[in-house]
There are 2 protein chains.
Amino acid sequence: MSDRDQFLRSGCPIVNGLDIFGDKWTLVILRDLICGKQTYTELASSPEKIPTNRLAERLKMLEAENLLLKEQYQTRPKRYKYVLTAKGKSTLPILQEIAKWGNNHVQGTWVPPEWFMQAQPSETA
Amino acid sequence: MSDRDQFLRSGCPIVNGLDIFGDKWTLVILRDLICGKQTYTELASSPEKIPTNRLAERLKMLEAENLLLKEQYQTRPKRYKYVLTAKGKSTLPILQEIAKWGNNHVQGTWVPPEWFMQAQPSETA
DNA sequence: ATTAGTTACTTCAATATCGCAAGTAAGTGG
DNA sequence: CCACTTACTTGCGATATTGAAGTAACTAAT
């Protein structure tokens, strides 16, 4: 039982999904992780320029919700990378549908590479 | 060109979609409209209990972004209903993917009726 | 003709959240 | 020892959200 369970808005699966990733930044972070970004600095350097405190907080939340793991990949200096779990990777179809909607309805949006739009959750970085 | 264009975070179709419906309430309202709710009071009475000022504001925004139309369906007293446009209806695949994710990954979420999960955007109320 | 009720909002004060800038800690390389 | 990088954390003013109450238009009952 996660912290959110104390304040459930309802049992609706859409609402419960949104209570994890239905904010301004979380799906952007998941997009970047699926696109191969791994470190804090890589994530912070996206064109949308997420504030660093917000990035740190969202990463902690995503780890607490098991959408990603924080893994040390180097000692001296200790360096960490953020790796999606299956639960995190399985947000890909949501991202793909939002991307399709954006391309169809918001003019001037760039078209994601085909590998992104065609990928299955299991094949993602 | 909509108001948001002045403050574009990037050209990413995901980000631009989220800048319309990536908040706590908008997709909940779209869910309800797709499920056949039409009036302000019907929308306000959902189990998630959206504050009425937030509901009014989101409806105005969705109208401004052409996801829905506010239609008078009765004079004396004047009564309005909110009707999805094709642009609004086409968020259905996003809602379906979020619902699938919620059912797969958040325990205790209810399973939406089959007509909702199987529907095509064109067939929706 | 009052009075109560309904619908569809709007307003307001309190609280929560956000974004920006700056600061910190650990470590490297010169 | 000093500058530099990575990975955050802290402080704080600005902004957004909430819950409660208020308003406006109209209907229906007494």
Side-chain angles (χ1 to χ4, degrees), chain A residues 3-4 6-10 15 18-29 32-33 36-65 68-84, chain B residues 2-4 6-10 15 18-30 32-33 36-65 68-84:
Chain A
D3 284 354
R4 281 173 308 95
Q6 245 63 47
F7 318 104
L8 279 188
R9 285 196 286 173
S10 77
V15 168
L18 293 175
D19 283 344
I20 293 176
F21 51 68
D23 71 293
K24 193 172 175 182
W25 294 112
T26 303
L27 286 174
V28 179
I29 296 169
D32 285 348
L33 289 168
K37 295 196 176 191
Q38 302 205 108
T39 65
Y40 188 89
T41 302
E42 282 173 342
L43 292 168
S45 67
S46 283
E48 292 85 10
K49 290 278 168 289
I50 177 169
T52 59
N53 52 354
R54 227 98 290 289
L55 175 58
E57 183 198 298
R58 296 279 90 191
L59 287 171
K60 268 180 198 147
M61 182 278 293
L62 287 169
E63 197 187 2
E65 297 287 348
L68 58 78
L69 265 38
K70 185 178 180 176
E71 273 183 17
Q72 203 184 79
Y73 66 94
Q74 168 182 307
T75 48
R76 208 168 314 107
K78 280 179 185 172
R79 295 270 189 254
Y80 298 92
K81 63 178 175 181
Y82 296 94
V83 184
L84 289 173
Chain B
S2 79
D3 284 354
R4 279 173 307 96
Q6 245 61 49
F7 318 103
L8 278 188
R9 285 195 286 172
S10 76
V15 168
L18 292 176
D19 283 344
I20 294 176
F21 51 68
D23 71 294
K24 193 172 173 181
W25 293 111
T26 303
L27 286 174
V28 179
I29 295 169
L30 292 169
D32 284 349
L33 290 169
K37 296 195 177 192
Q38 301 204 107
T39 65
Y40 189 88
T41 302
E42 282 173 342
L43 292 167
S45 67
S46 282
E48 293 83 11
K49 290 280 167 289
I50 176 170
T52 59
N53 51 356
R54 225 92 290 286
L55 175 57
E57 185 199 297
R58 296 280 90 191
L59 287 171
K60 268 179 199 147
M61 181 278 293
L62 287 170
E63 197 187 2
E65 297 286 348
L68 57 78
L69 264 36
K70 184 179 179 175
E71 275 183 15
Q72 205 186 78
Y73 67 94
Q74 166 182 310
T75 48
R76 209 169 313 109
K78 281 180 185 172
R79 296 269 190 253
Y80 299 92
K81 63 178 177 181
Y82 296 94
V83 184
L84 289 172

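For clarity, every value in this text was computed on a predicted model and none was experimentally measured. Chain A is the first sequence line, chain B the second, and so forth, proteins listed ahead of strands; every chain is numbered from 1.
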Exercise. Under 4.0 angstrom, heavy atoms only, what part of the nucleic acid is B/Lys70 near: base, sugar-phosphate, or nothing?
Worked result: sugar-phosphate
Seminar exercise, completed: Between CG of A/Leu43 and C1' of D/dC8 the distance, given in whole Å, is 13 Å
Exercise. Are B/Lys81 and C/dT7 close enough that a side-chain N or O sits under 4.0 Å from OP1 or OP2?
Worked result: no
Exercise. Atom CG of A/Asp19 to atom P of C/dT17: distance rounded to whole Å?
Worked result: 12 Å
Problem set entry | Side-chain touch B/Glu65/B/Phe21, heavy atoms, less than 4.5 angstrom | no
Seminar exercise, completed: For A/Thr26 and A/Arg58 the tightest heavy-atom approach is OG1-NH1, 3.0 Å
For this session: May I have the distance from A/Arg54 (atom CZ) to D/dA7 (atom P), rounded to whole angstrom?
Result: 19 Å
Exercise. Quick check: does any side chain N or O of B/Glu42 sit under 3.5 Å from a backbone N or O of B/Gln38, one acting as donor and the other as acceptor?
Worked result: yes
Exercise. In the 5'-to-3' direction, what one-character label does each nucleotide of nucleotides 20-30 of chain D receive under the scheme B = base within less than 4.0 Å of a protein heavy atom, S = sugar-phosphate only, - = no such atom?
Worked result: -B----SS---
Exercise. Does A/Lys60 have a side-chain nitrogen or oxygen under 4.0 Å from the phosphate oxygens OP1 or OP2 of D/dA7?
Worked result: no
Seminar exercise, completed: By nearest-nucleotide position on DNA chain C, the 5'-leaning member of B/Tyr73 and A/Trp25 is B/Tyr73
Exercise. For the side chain of B/Thr41, counting heavy atoms from C-beta on, which of D/dC8, C/dC20, C/dT7 is nearest?
Worked result: C/dT7
Seminar exercise, completed: Heavy-atom closest pair (B/Lys37 atom, B/Ser45 atom, distance to 0.1 Å) is NZ-OG, 4.1 Å
For this session: Let me see the working for B/Leu43 and B/Ile50 under side chain to side chain contact (heavy atoms under 4.5 Å, CB included), right down to the final yes or no.
Result: CA-CA 8 Å; B/Leu43 292 167; B/Ile50 176 170; 6.0 Å; no
Exercise. Checking A/Tyr40 side chain against A/Tyr80 main chain: does a donor-acceptor pair fall under 3.5 Å?
Worked result: no
For this session: Please check the phosphate of D/dT18 (OP1 and OP2 only) for any side-chain N or O of B/Lys24 closer than 4.0 Å.
Result: yes
For this session: Indicate whether OP1 or OP2 belonging to D/dC8 is found under 4.0 Å from a side-chain N or O atom of A/Tyr82.
Result: yes
Exercise. Starting at CG of A/Asp23 and ending at C1' of D/dT17, how long is that distance when rounded to a whole Å?
Worked result: 14 Å
Exercise. Atom CG of A/Leu55 to atom P of D/dC8: distance rounded to whole Å?
Worked result: 8 Å
For this session: Decide, yes or no, whether a salt bridge links A/Glu57 with A/Arg54 under the criterion of side-chain N to carboxylate O below 4.0 Å.
Result: yes
Exercise. Please give, in whole Å, the distance from D/dT9 P to A/Leu59 CG?
Worked result: 10 Å
Seminar exercise, completed: Atom CD of B/Glu57 and atom C1' of D/dT17 are separated, to the nearest Å, by 9 Å
Problem set entry | B/Glu42 CD to C/dA8 P, straight-line distance once rounded to whole Å | 8 Å
